[in-house]
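For the numbers below, each heavy atom of this structure counts, side chains included, while hydrogens, waters and symmetry mates do not.
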Amino acid sequence: MKKRAVVGVLVAGIADNFTVQTCRGVIQAARDKDIDVVIMPGKYIERDLTSNREIMYEYQYNTLYSYAAGGKVDAIIVLAGSICCYTTLERTKAFLEQYKDTPCVLMGCKIDGYLSVNYDNYLGIKQGVDYLVTKLGCRNIAMMGGPDDNTDALERKHTFLDTLKSYDIPIGEETYFCGNLTKAQREQFGMYIDRHPDIEAVVCVNDDTALSFYEAMMDKGLVPGQDIYVMGYDNTIVSAKAKPALTTVMADASSLGGRAIELLLDLLDGKDVESVVVTTRLIKRDSFGSMKSHQRSIQVNRLDREYIDYYYDEIFYRYTIEVNDNRLRILFRTIMELVIDYYDHLGEMNSDDGTLIRLLNTFLHMGALKYADAENLLTHIDEVYQLLLSKYEGDVAHSRIISVISSVYRELVISEEQIQGDMLEQSDKKNYDMKTFVTASMQFESGADQNYAVLLQRLSWLGIENADLYIFAQPIMHLDKEEFVTPNHVYLMASLRKGEVKNTRVGRKRRRTSDIFRGSIFEYGGNVKVVFPIFSNENLYGLFLCDMSEQIYNNGEFVVGQLGSAAKMLHMLKVNQDIQNEYERTLVALKENNIALDALAKSDGLTGILNRRGFMEAAEKRLMKNRANNIVSLVGYVDMNNLKIVNDRYGHDEGDFSIQHISNTLDELFKDGVVGRLGGDEFGIICDYDGNEDGNDIVAKIYKSFNDFNMTSDKPYNVTVAVGVYCVAADSYTELQEALGFADEKLYVEKQHRVKNVAK
């Protein structure tokens, strides 16, 4: 029996529009070819996340790429153009080197030595520039592109510039703007518009870039299609739904994914294979100005039988991508052939016009509007209407045509209302299911292994009937920019099979990581799965492997975030229970040995400075003395940053060293004051003070001391602190605890703005 191939598909973000369409093509091809596929939705490699706290831990998704190496899958498809859009060609090659022993096909990227599937980056761009110049009279045209290390972006750049040259249009320094291919360019585009207020048209390297340019225009009070013509590339679903609808290049990402699967299987079969280029064409919409305002003469070929499939593909490309059957196409052809018969013989025909309306009703009940490019559909109907009217103007059939078209529009409105009602009902149900899922996944009282099964009990709203939940033996701390090495083993804590949740038997939980994509999950509910990392901040807790469904695209990352929080909670509950058990054993031992807990020394054993009790007594005396002598007192809290990370990553000896260094530094800085370790990584200080009432000079002095140490230290990590201080006036009756509370509030504010620069 021939072993089923397992193909890993590496993409950049499961919710990205280009990724969604690509995955749909991969999924359909995988089903047709009967192979197992695991989609691995990482993010962008080498993207700097430090300036965006909301996504600062997204780098954890990139750990998924490690699971595609080392023989865990038989072959891989890599959406390299997206994954590597923030890095260089050399770094892209280094990234791909980890898969050197695995058959590989690239998408959206051309690199010597690799098979690839790419768009024809010439035709669509040229058609767009031709239209801007010849039909709209533009001369001041720019391109918002991508880095030259991205081969798609580079080819589109050359095509754009060469086409401008063919029209003798001057090319300036900023005719081509090098962007990063993502939606996160709003600010840069806003500055570009400020520098070039006379720009007439912008050609964008992809739809995400174009939609980001939309946002920048709207910030300036400009309207796409009126103030500046805008063109995208990829024809993602959001391009048709944008306001105004985006002119773009129809590049079928689903066919890109399907061809990649076919090429990879030919490679595995030992066939002679070559890289593939997928054709493209321009789709004009209102971002090139209202199509009605500069419409070309009505296209007579809309009533030509040879063009029926052409217009179907233009209007219902989403149905082809998402449903992938011919039922809608066949019905569209039947309707159009009937309309064409009307056009040719309407004056002679006495047939019942109800036949057309009945066919239209069937067509709409199949969900035609749900998958239609609305602007193209309405344009098609309007032009067919105009062609019929122009032929039979003044004829007795004229009123008959108006009546039929009125009925068509009526049915369209009714169908749209039904779609909106269904969407509202589905949205309400989804919101309820999400609420129950979140509630159930956060109501744990213990960290028992059996609780992991709860996390798989309410996933039907995601279209998931089969899933495996793997947890690491211990959480793995993984810092940004660190290389990730997959563990040799994981633990299968719970499985979902055909909607039924099962805990695994204790003796069978341990699994080799190399086997997780070859388990029983592929025997249930389809042959396409998706894997996500389970993480919370710096810590990775495991993996979630489940059915790939349409709902995953929009909700997958939300669910993974919830699973990460739940896994963290379960781990903490288990650790807390272990600590509680150990505490109770220790308490018994203390009682048995009659240890006097109230005889604790006033000095801290690790650092030699005062402990909490000693500090509070000494600080109270200093505050009273200063008040009596009319001296201002400065009270402060000092808190070490990232002690847990230092302990977990570098060892508790290094954590102890950090605590000792902080105590020594503070003791040296405040020789004439009082310094104490209040517990863990917290320190207190009090001293005489004659500076500004905000105490910022003291704070700066403390920070400088630690910065100087880190600059010269041979430690692989930084020792840093957060500081909050409060000044007590000589005539103030503020008590020590109250002053420490004010200092703690300032410390909290400081910690909100800290950067986690642990590793050097």
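Defined by atom type and a distance below 3.5 Å, a donor-acceptor pair is missing between the side-chain atoms of N527 and D36. Side-chain polar atoms of N576 and Q580 form no donor-acceptor pair below 3.5 angstrom.
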>> For a side-chain contact (heavy atoms from CB on, under 4.5 Å) check, start with the C-alpha distance between Y114 and L96, then their side-chain angles and the critical distance, and finish with the verdict.
In response: CA-CA 10 Å; Y114 288 90; L96 294 172; 3.3 Å; yes
> Would R649 and E538 satisfy salt bridge (Lys or Arg N to Asp or Glu O under 4.0 Å), going step by step from the backbone distance to the final call?
Replying inline: CA-CA 11 Å; R649 171 59 62 201; E538 294 93 353; over 6 Å; no
> V37 and K529: side-chain contact (heavy atoms from CB on, under 4.5 Å), yes or no, with the steps?
Replying inline: CA-CA 6 Å; V37 166; K529 309 300 176 188; over 6 Å; no
>> salt bridge (Lys or Arg N to Asp or Glu O under 4.0 Å), that's the test. Do D266 and R259 meet it? Break it down for me.
In response: CA-CA 11 Å; D266 287 344; R259 296 297 297 274; over 6 Å; no
> What's the verdict on side-chain contact (heavy atoms from CB on, under 4.5 Å) for L264 and V7, showing C-alpha distance, side-chain angles and the deciding distance?
Replying inline: CA-CA 9 Å; L264 190 62; V7 176; 3.6 Å; yes
>> What verdict does the side-chain contact (heavy atoms from CB on, under 4.5 Å) test give for M107 and N118, after you've listed the backbone C-alpha separation in whole Å, the side-chain angles of each residue and the deciding distance to 0.1 Å?
In response: CA-CA 6 Å; M107 284 195 291; N118 292 278; over 6 Å; no
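Looking at I471 and Y452, their side chains come closer than 4.5 Å, going by heavy atoms from C-beta outward. Between L492 and L469 the shortest side-chain heavy-atom distance does not fall below 4.5 Å. At a threshold of 4.5 Å between non-hydrogen side-chain atoms, the residues N718 and V758 do not count as touching. Looking at heavy atoms from C-beta onward, I83 lies out of side-chain contact with V11 at the 4.5 angstrom threshold. The shortest side-chain heavy-atom distance between Y44 and T182 falls under the 4.5 Å cut-off. When side chains are defined from C-beta on, F18 does not count as touching N206, because their heavy atoms never get closer than 4.5 Å. The shortest distance between side-chain heavy atoms of R47 and I55 falls below 4.5 Å. D207 is not listed as a side-chain neighbour of K183, based on a closest heavy-atom distance of 4.5 Å or more.
Remark: the backbone N or O of C84 is not paired with any side-chain donor or acceptor of T87 at under 3.5 angstrom. Remark: side-chain polar atoms of S254 are not paired, donor with acceptor, to backbone N or O of G25 under 3.5 angstrom. Judged by distance alone, with hydrogens and angles left aside, the side-chain atoms of S658 form a donor-acceptor pair with the main-chain N or O of E654 at under 3.5 Å. For the pair Q98 (side chain) and S66 (backbone), a donor-acceptor distance under 3.5 Å is absent.
Here the closest heavy-atom approach between residue C546 and residue I464 is recorded as SG-CD1, 3.7 Å. Between A494 and A453, the closest heavy-atom pair is CB-CA, 3.7 Å.
Using a 4.0 Å cut-off between a side-chain N of Lys or Arg and a carboxylate O of Asp or Glu, K43 and E58 qualify as a salt bridge. Taking a cutoff of 4.0 Å between a charged side-chain nitrogen and a carboxylate oxygen, D515 and R512 qualify as a salt bridge. Between D149 and K93 there is no salt bridge, since no side-chain N of the basic residue sits under 4.0 Å from a carboxylate O of the acidic one. We find that R91 and E97 are not joined by a salt bridge, their nearest charged nitrogen and carboxylate oxygen being 4.0 Å or further apart. A salt bridge links R497 with D468: the distance from a Lys NZ or Arg NE/NH1/NH2 to an Asp or Glu carboxylate oxygen falls below 4.0 Å. Salt-bridge formation is detected for the pair D449/K509: a Lys NZ or Arg NE/NH1/NH2 atom is positioned less than 4.0 Å from an Asp or Glu carboxylate oxygen.
Counted within 6.0 Å of CE on M56, heavy atoms from surrounding residues, nucleotides or ligands total more than 12; the atom is thus considered enclosed. Atom NZ of K760 has more than 12 neighbouring heavy atoms from other residues, nucleotides or ligands inside a 6.0 Å radius. Atom NZ of K751 has more than 12 heavy atoms from other residues, nucleotides or ligands within 6.0 Å. Within 6.0 Å of atom NZ in K715, more than 12 heavy atoms from other residues, nucleotides or ligands are found, so the atom counts as buried in its surroundings. More than 12 non-hydrogen atoms from other residues, nucleotides or ligands lie less than 6.0 angstrom from CZ of F558.
The aromatic ring centres of Y99 and Y65 sit 6.0 Å or more apart. Aromatic rings from F535 and H478 are positioned such that their centres are separated by 6.0 Å or more.
The aromatic rings of Y57 and Y59 are tilted relative to each other, their planes meeting at an angle between 30° and 60°. Using bins of under 30°, 30° to 60° and over 60° for the plane-to-plane angle, the ring pair F517/Y67 lands in the perpendicular bin. Aromatic ring orientation, F532 versus F544: parallel (interplanar angle below 30°, classes split at 30° and 60°).
Residue F484 forms a side-chain contact (heavy atoms from CB on, under 4.5 Å) with just one option from L479, I476, N62, L64, and that option is I476.
For the atom pair CG of L106 and OG1 of T92, the computed distance is 9.5 Å after rounding to the nearest 0.5 Å.
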